Amino acid sequence: MPRIPPARFPHYSAPIMKTTHSPDPLLSLLLLAGLAGCTAQAQNQPPAPVNSPLPVVQQIQGADFQACLANIKAMALREGVPASVADQALNGLTPDQRVLDLDSRQPEFTLTLGRYLTNAISAERIAKGRQMLAQHRGLLQAVERDYGVQPHYIVAFWGLESGYGTFVGDFSVVRSVATLACRTRRAQFFAGETVQALRILAAQHMQAAQMKGSWAGAMGNTQFMPSTFTAHGVDRDGDGRVDLWRSLPDVFASSANFLNKSGWRRGQDSHIEVALPQGFAYDRVDLNEERGAREWRALGVTQADGRPLPDFADRAAIAIPAGHRGPAFLMLPNFKTVMIWNRSVLYAISVGVLARQIAGGPGLLREPPADDQPLSRDVAIDLQNRLIRLSLLNDEADGLIGPKTRASIRAFQIRAGLIADGHPSPETLARLRAAAP
Ligand SMILES: [Ca+2]
């Protein structure tokens with residue numbers, strides 16, 4: 001951040017591929033937010049390479065780099081990539097050690113909501129977003145007519161992904177995804193991405209030397225992975241190529257097309273910031289606790305500014321990623337669509353908050369608590385060990401604050417007379433240290 005440095009990518013966590021993007025560097029945030037279950041619900045599995053039998057993928061892993069590339073080439077030929085294109089892109093390719101270094105780094109801390117939003121949404125980013133919205137209004141409105149995604153949301157994604165095209169990455173995409181396919185345990189996913197990257201070259205959307213992206217292969221203004229590019233890229237300007245690097249019509253239409261295909265509901269927001277009443281039962285805040293507008297109103301939930309909750313379609317759950325002292329978010333259906341783009345709750349919140357500000361609205365009405373500290377893995381393990389000693393957690397301490405640990409924190413908070421929001425706030429941590437020295 002604008003994009004969180006890829007070094008934060010927590011590769012020790014279970015399946016973490018985003019649908020559109022590189023491995024999610026922000027999953028740990030989501031775990032801190034106690035919302036890991038949300039990912040399991042909303043995520044799509046990474047697209048498997050089409051028509052690639054598993055034995056080929058298994059061969060890839062054990063092979064040396066050149067043999068691995070030969071296997072990927074065989075997969076690409078079966079997908080219709082001409083041998084000349086595959087040879088030109090793969091011959092003489094070597095693994096990129098920078099990519100492996102970035103991939104192997106583990107995050108030392110999980111970010112808090114407050115820190116995340118500070119990184120994601122600067123005053124400058126809001127101002128430039130407003131400027132971009134005004135400058136490209138006609139094009140954005142035409143795209144909205146065709147795909148149903150509001151201009152300020154398209155601009156917000158653009159701002160978060162690449163700083164409005166400022167940060168698009170300078171890694172060779174083919175080399176990055178081939179390196180990750182042949183040198184990491186995620187062979188199947190990245191072999192498929194390599195094949196899709198070759199398909200992009202075969203279709204002459206972009207030449208290999210120009211096809212640059214993030215270290216994990218996310219490309220252009222939208223930071224699409226190759227498979228998302230081939231599935232959802234749109235040639236809006238009609239020059240015969242999808243160009244997510246240089247053509248804003250293609251960039252906007254491709255983003256909107258992805259969101260449209262992922263279930264975006266025309267004209268709707270992704271979340272509503274809400275206020276919870278005094279004495280609210282925080283065990284109702286859980287991703288499985290979806291309720292309709294009438295039910296939430298009956299429980300005393302209002303908009304953050306005190307106005308009554310508007311009607312909304314379907315049922316929605318509430319998230320409190322900074323605990324009861326921080327802002328609360330009613331996650332509307334489009335929130336789930338944002339999480340198909342990037343399966344991080346904090347990312348999805350950022351999109352909604354930034355979009356609203358780009359449209360001229362206010363930011364958060366309730367700020368995250370300033371004293372919330374990023375949780376290191378060691379502190380998280382220490383927290384879990386104390387919960388285990390109190391017989392409130394029946395699990396191994398793994399340093400990941402998931403739904404089970406969060407439930408244990410709630411149980412401790414109830415025992416200690418604290419508000420049972422399941423959030424490891426400084427006060428909860430201090431009380432836990434005193435109770436289980
Ligand atoms: Ca084009």
Side-chain angles (χ1 to χ4, degrees), residues 18-22 47 50 76 79-82 84-86 88-89 128-129 131-177 192-214 217-262 264 266 340-342:
K18 290 188 286 181
T19 307
T20 55
H21 294 80
S22 52
V50 181
E79 299 245 352
V81 173
S84 58
V85 171
Q88 195 177 357
K128 188 161 181 198
Q131 186 193 331
M132 292 294 111
L133 181 67
Q135 190 173 331
H136 303 292
R137 190 177 295 280
L139 171 61
L140 288 160
Q141 286 174 339
V143 168
E144 180 184 24
R145 279 194 294 277
D146 290 346
Y147 298 98
V149 183
Q150 303 93 302
H152 53 294
Y153 275 91
I154 297 175
V155 174
F157 278 101
W158 185 28
L160 288 174
E161 290 299 334
S162 63
Y164 311 106
T166 310
F167 316 104
V168 294
D170 63 352
F171 288 84
S172 156
V173 168
V174 172
R175 190 179 181 206
S176 286
V177 291
E193 292 300 327
T194 310
V195 170
Q196 296 305 317
L198 296 175
R199 285 187 61 203
I200 293 166
L201 295 175
Q204 300 186 321
H205 292 301
M206 183 55 67
Q207 293 177 356
Q210 297 168 308
M211 203 161 88
K212 303 284 190 179
S214 76
M219 302 182 296
N221 283 261
T222 55
Q223 293 287 284
F224 275 4
M225 288 300 286
S227 58
T228 308
F229 185 112
T230 54
H232 298 293
V234 174
D235 171 25
R236 177 86 185 182
D237 62 16
D239 68 351
R241 311 181 312 120
V242 177
D243 185 347
L244 300 185
W245 290 266
R246 295 172 305 196
S247 165
L248 287 185
D250 291 8
V251 167
F252 296 160
S254 298
S255 298
N257 183 45
F258 177 89
L259 293 165
N260 176 286
K261 297 294 190 299
S262 303
W264 186 268
R266 185 178 284 269
I340 295 172
W341 179 298
N342 179 327

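Computed from a predicted structure; not experimentally measured. Residue numbers count from 1 along this sequence. In listed order, ligands and their atoms are each counted from 1.
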task = Report, rounded to 10°, the angle at the Ca ion (ligand 1) between the two atoms O (Arg241) and OD1 (Asp239).
result =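 Here the angle at the metal atom is close to 80°, to 10°.
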message = With rounding to 10 degrees, what does the angle Asp250:OD2 / the Ca ion (ligand 1) / Asp237:OD1 come to?
response = 120°
query = Which one of Tyr153, Trp341, Tyr147 satisfies the ring-ring contact (aromatic ring centres under 6.0 Å, His included) criterion with Trp264?
reply = Tyr153
ask   = Asp235: which N/O/S atom is nearest the Ca ion (ligand 1)?
value = OD1
inquiry  = As an exercise, state the distance from CE of Met206 to CG of Leu244, rounded to the nearest 0.5 Å.
reply    =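 The distance works out to 8.5 Å.
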task = Please name the pair of heavy atoms, one in Lys212 and one in Gly169, separated by the smallest distance, quoted to 0.1 Å.
result =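 What the structure gives for the nearest pair is CB-O, 3.6 Å.
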remark   = Of all heavy-atom pairs linking Ser262 and Ile340, the shortest is O-CD1, 3.7 Å
query = Between the Ca ion (ligand 1) and Asp243, is there an N, O or S atom separated by less than 3.0 Å?
reply = no
query = With a cut-off of 3.0 Å, does any N, O or S atom of Pro249 fall short of it relative to the Ca ion (ligand 1)?
reply =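 Given the 3.0 Å cut-off, Pro249 does not count as a ligand of the Ca ion (ligand 1).
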task = Taking Asp237 for its side chain and Pro249 for its backbone only, find out whether a donor-acceptor pair lies under 3.5 Å.
result = no
